[in-house]
Number of protein chains: 2
Amino acid sequence: MMEQKSNKGQQTRELLLEAALQQFAANGYHGTSMRQIAETANLAVGGIYNHFASKEEILKAVILQYHPLNVIAPELADAQGASFESLTRDAAQRFYAAIKARPILLNIFFIELVECKGAHLPELFESLLPRVSLFAQRLVTLDPRLRPLPPLVVMRIFLSMLMGFFITETLFAQIPGLPQQMGNLDDFVEVLMRGLLLPEQSGKE
Amino acid sequence: MMEQKSNKGQQTRELLLEAALQQFAANGYHGTSMRQIAETANLAVGGIYNHFASKEEILKAVILQYHPLNVIAPELADAQGASFESLTRDAAQRFYAAIKARPILLNIFFIELVECKGAHLPELFESLLPRVSLFAQRLVTLDPRLRPLPPLVVMRIFLSMLMGFFITETLFAQIPGLPQQMGNLDDFVEVLMRGLLLPEQSGKE
DNA sequence: CCTACCGATCGGTAGG
DNA sequence: CCTACCGATCGGTAGG
């Protein structure tokens, strides 16, 4: 009980962040009003300003907390696997599970690029890069058959493939009458892994 | 001279679309005002409504015309190559050139997903799917070593890889102090092609 | 195609 | 943390 000193304020702040996340993801930053955020959080407009100085500050907090790269980074750090294939598969699975659990996070990614012009990326990457580099290093040293690419390039291709999977999935979800089977994550991961490995030297030349 | 009958109106309309494209890409849909669009096009607010019924109609026209998938589709149709590798490389190069020429088109993609919730995708895909399917068919029938995936799945992986390349490039462009060499398109295309081909059967089993 | 205007809503605040 | 309000700006239109 005594431990919950400033808990109430923190709780309301978290509630506001969740409300803002929902609204921003649904309507974009400029498409969301402070009234909408307040309403979603069951607060009056004025109440918001006890927790955030401005609408922009809310967006900043939402992005630093909910940007998908920030959500995925710890998953990569936790990924397990003794071989290149098993580590890649586990990382991809964790990636998949994290986004599936909150698909709207992808919209935060887009909003940051368009409406913020990437203004928070430097701050975001400051904490991200070390963790991601570590994973890249782990991945790259696991297999001598890997193409001779810098670890961060391998990482970039890994991220591109998975981001592409989710973006195209979002795309296809909104289109009726598409052919049923449009591929699944395993197809992507197989292509990715095979592509990152050098072709076997089957002849002597 | 006589041929230019209704040309003036069409020219102003095009001018407005270009102005709207610039502003939407820079600030998002809700972040752009009719005044800004008018100003960029050197028009008064009221003048816009001689060409478009509403702000939403402008956005719709911008998306149907400038959505990157719509810009890339003809490039894929024009791509040449007698082998799987050469066709893939040519298509990727055309893709690359088209986006490089107008990187802001990517923002239209994002705006459509977030602020329009993909509302224009069905109409967009109606004209896109046949052309893209044709390319996918062409690609898939060129090489028996290809993984046994449906042509549209191959297409999806191709698109994912290239979209991922550009999105990560946009990402990295905004971050100072990144390692210099972060990979180029050729790396992506090599990984993509090798990944799409089945591994060589080097043993007898 | 422009000027001048409409009601509505915006982000934010004073005062309690 | 809410009520009631601020000036500014929004999308859109009437009238010419």
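Every chain is numbered from 1 and lettered A, B, ... according to where its sequence line falls, protein lines coming before strand lines.
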Please check if the side chain of A/Arg156 supplies one atom and the backbone of B/Met182 the other of a donor-acceptor pair under 3.5 Å. yes
With no hydrogens and no angle check, is any side-chain donor or acceptor of A/Glu115 less than 3.5 Å from a backbone partner on A/His30? yes
Quickly work out the [X] [atom1] to [N] [atom2] distance and round it to whole Å.
X       : N      : atom1 : atom2 : result
A/Leu59 : C/dG12 : CG    : P     : 12 Å
B/Asn27 : D/dC10 : CG    : C1'   : 15 Å
A/Lys55 : C/dG12 : NZ    : P     : 8 Å
A/Ile58 : C/dC10 : CD1   : P     : 14 Å
A/Ile37 : D/dC2  : CD1   : P     : 15 Å
A/Phe52 : C/dT13 : CZ    : P     : 15 Å
A/Glu39 : D/dC2  : CD    : C1'   : 14 Å
B/Arg35 : C/dA4  : CZ    : C1'   : 11 Å

Treat a base pair as Watson-Crick or G-U wobble with both distances under 3.5 Å, then lay out DNA chain C in dot-bracket form, 5' to 3', with | for cross-strand pairs. ||||||||||||||||
Please state whether the rings of A/Tyr96 and A/Phe165 are parallel, tilted or perpendicular, taking 30° and 60° as the class boundaries. tilted
Just to confirm, is there a sub-4.0 Å distance from OP1 or OP2 of C/dC1 to any side-chain nitrogen or oxygen of B/Thr12?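 Yes, B/Thr12 has a side-chain N/O under 4.0 Å of OP1/OP2 on C/dC1.
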Phosphate contact (C/dT9 OP1 or OP2) by A/Ser33 side-chain N/O below 4.0 Å: no
As a quick check of understanding, evaluate side chain to side chain contact (heavy atoms under 4.5 Å, CB included) for A/Phe24 and A/Asn107, giving each step before the final call. CA-CA 8 Å; A/Phe24 287 156; A/Asn107 285 9; over 6 Å; no
By nearest-heavy-atom nucleotide on DNA chain C, the more 5' of A/Glu56 and B/His51 is B/His51
If you assign A/Gln36 and A/Gly46 each to the DNA chain C nucleotide with the nearest heavy atom, which residue ends up on the more 5' nucleotide?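 The residue mapped nearer the 5' terminus is A/Gln36.
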A/Tyr49 side-chain proximity, nearest of C/dC1, C/dG11, D/dG12: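 It is C/dG11.
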At 4.0 Å (heavy atoms only), tell me whether B/His30 reaches a base, stays on the sugar-phosphate, or touches nothing.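 The residue B/His30 makes no contact with any strand.
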Which part of the nucleic acid does B/Leu43 contact within heavy-atom distance under 4.0 Å: base, sugar-phosphate only, or nothing? sugar-phosphate
So, B/Glu18 and B/Arg102, do they make that salt bridge, N to O below 4.0 Å? yes
Ion pair check, B/Glu190 and B/Arg89, cut-off under 4.0 Å: yes
Do we see a donor-acceptor contact under 3.5 Å between the side chains of B/Gln23 and B/Asn27?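 B/Asn27 and B/Gln23 do have a side-chain donor-acceptor pair below 3.5 Å.
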